[in-house]
Enquirer: 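One structure is given below, represented as structure tokens, and several questions about it will come after.
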Amino acid sequence: MAVRVQREDFDIGAEIAAFCRDNSGIGAVASFIGLVRDVNEGDAVAGMTLEHYPGMTEKALAGIVDEAKRRWDIVDALVIHRVGELKPLDQIVLVAVTGAHRGAAFAACEFIMDYLKTQAPFWKKEQTAQGARWVEARASDDQAAERWNDS
Amino acid sequence: MSIRILYFARLREDMGITQEMVELPPGVNDVKGLRAHLAARGGASAVALGQGKAVRVSVNQDLARNDTPVKAGDEVAFFPPVTGG
């Protein structure tokens with residue numbers, strides 16, 4: 001398991017290749033990459049600052065990965081999340097899940113993102129023409145995370 | 001013995017500080033009681049932590065609820081609902 005919080009950008013191909021190296025039992029890799037959008041709530045966004053809670057962030061992400069491994073038969077999961085100053089089109093987050101087959105890898109990848117969105121202590125402050133503002137949490141993100149409780 | 005309290009994001013800005021040490025008064029032994037105690041100081045604390053504000057709490061870096069116990073030596077953080085990813 002690998003969880004990283006960093007200011008630097010990441011290379012998806014290099015990260016996934018390194019994550020799969022030397023494990024020929026892996027038959028599937030499901031990944032999600034989150035990018036900075038240039039619009040939110042109808043306003044143009046020039047950039048954003050991502051704040052986090054050092055220590056708790058890593059602990060929360062590791063706990064989410066552990067829970068995914070408990071629920072699905074996957075090989076491993078990688079989570080990289082950036083903090084600091086970001087511009088539109090910059091990569092924010094990478095989640096990659098390896099497994100023997102695609103089904104568990106897809107499901108675990110989506111689960112990890114849904115839980116990250118609602119439980120990992122990150123906060124976005126975006127810059128708009130009207131000034132800087134904190135991004136509001138979305139009820140739809142809570143609902144996305146809650147649906148995993150049904151199964 | 002006191003507890004360390006951290007603030008993040010909008011709550012950090014509302015409070016004007018990133019952290020503080022607070023003496024736990026007798027009778028304050030959970031998250032709900034601690035939040036009420038801090039908000040009762042008035043000023044920025046009342047604005048940031050008053051009722052009606054969407055506030056999330058962690059105790060020793062685990063997400064907490066209103067009835068989560070708080071004791072001397074703990075690290076408690078107050079912050080808005082998270083918006084990462």
Side-chain angles (χ1 to χ4, degrees), chain A residues 3 5 32-37 40-41 48-64 79-84 86 91-95 109-126 132-142 144-145, chain B residues 2-22 30-32 34-35 38-39 44-85:
Chain A
V3 165
V5 179
F32 172 87
I33 298 103
L35 307 178
V36 179
R37 257 181 300 117
N40 190 34
E41 306 289 341
M48 66 170 57
T49 305
L50 258 153
E51 178 175 337
H52 77 123
Y53 180 173
M56 180 176 169
T57 314
E58 291 82 354
K59 187 178 180 182
L61 294 174
I64 293 167
V79 179
I80 302 175
H81 202 298
R82 293 178 67 193
V83 292
L86 296 172
Q91 302 182 123
I92 303 177
V93 60
L94 166 67
V95 174
C109 186
E110 193 165 20
F111 168 86
I112 290 170
M113 268 312 299
D114 284 347
Y115 268 53
L116 182 159
K117 279 270 190 187
T118 53
Q119 298 191 3
F122 293 101
W123 302 275
K124 290 172 181 154
K125 190 174 194 180
E126 58 192 13
R133 67 185 183 193
W134 291 101
V135 173
E136 296 290 332
R138 295 170 189 271
S140 59
D141 286 335
D142 285 333
Chain B
S2 55
I3 60 171
R4 178 184 304 278
I5 302 183
L6 310 178
Y7 302 101
F8 290 96
R10 186 172 55 229
L11 267 74
R12 170 177 54 73
E13 292 182 344
D14 287 346
M15 292 296 295
I17 53 174
T18 59
Q19 59 176 285
E20 62 178 326
M21 300 298 290
V22 171
D30 64 11
V31 163
K32 185 179 183 181
L34 175 62
R35 179 177 170 179
L38 295 172
S45 298
V47 171
L49 299 168
Q51 290 184 344
K53 289 293 179 97
V55 173
R56 299 290 183 267
V57 187
S58 66
V59 175
N60 298 326
Q61 303 190 349
D62 286 319
L63 283 177
R65 304 184 313 180
N66 274 334
D67 61 356
T68 300
V70 172
K71 63 184 186 309
D74 283 347
E75 176 178 298
V76 178
F78 291 91
F79 44 80
V82 302
T83 55

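In what follows, every chain begins at residue 1, and chains take the letters A, B, ... in the order their sequences are listed. It should be emphasised that the depicted structure is a prediction, and the values quoted were computed from it without experimental measurement.
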Enquirer: As an exercise: rank A:Val95, A:Thr49, A:Val135, A:Val83 by heavy-atom pairs under 4.5 Å with chain B and give me the winner.
Expert: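 Ranked by contacts with chain B, first place is A:Val135.
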Enquirer: Report, one line per pair, each donor and acceptor closer than 3.5 Å where one atom sits in a side chain of residues 45-53 of chain B; sequence neighbours left out.
Expert:
from: B:Ser45; atom 1: OG; to: B:Arg41; atom 2: NE; distance (Å): 3.4
from: B:Ser45; atom 1: OG; to: B:Arg41; atom 2: NH2; distance (Å): 2.9
from: B:Lys53; atom 1: NZ; to: B:Val47; atom 2: O; distance (Å): 2.9

Enquirer: With a 4.5 angstrom heavy-atom cut-off, could you sort out which part of A:Ala60 is near chain B: side chain, backbone, both or neither?
Expert: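 Contact with chain B: none, neither part.
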Enquirer: Heavy-atom distances under 4.5 Å only: say whether A:Lys117 touches chain B with side chain, backbone, both or neither.
Expert: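 Both parts, heavy atoms under 4.5 Å.
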Enquirer: Just to be sure I understand the criterion: a residue of residues 7-19 of chain B counts if one of its heavy atoms is under 4.5 Å from a heavy atom of chain A. Which ones qualify?
Expert: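 Hits under 4.5 Å: B:Phe8, B:Ala9, B:Arg10, B:Arg12, B:Glu13.
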Enquirer: List for me each residue that meets side-chain contact (heavy atoms from CB on, under 4.5 Å) alongside B:Gln61, sequence neighbours excluded, and say none if there are none.
Expert: A:Tyr53, A:Met56, A:Lys59, B:Glu75
Enquirer: Need one label for B:Asp62: side chain, backbone, both or neither, based on atoms under 4.5 Å from any heavy atom in chain A.
Expert: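 Both parts, backbone and side chain.
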Enquirer: What side-chain donor-acceptor pairs closer than 3.5 Å can you find for residues 77-85 of chain B, not counting sequence neighbours?
Expert:
from: B:Thr83; atom 1: OG1; to: A:Lys124; atom 2: N; distance (Å): 2.9

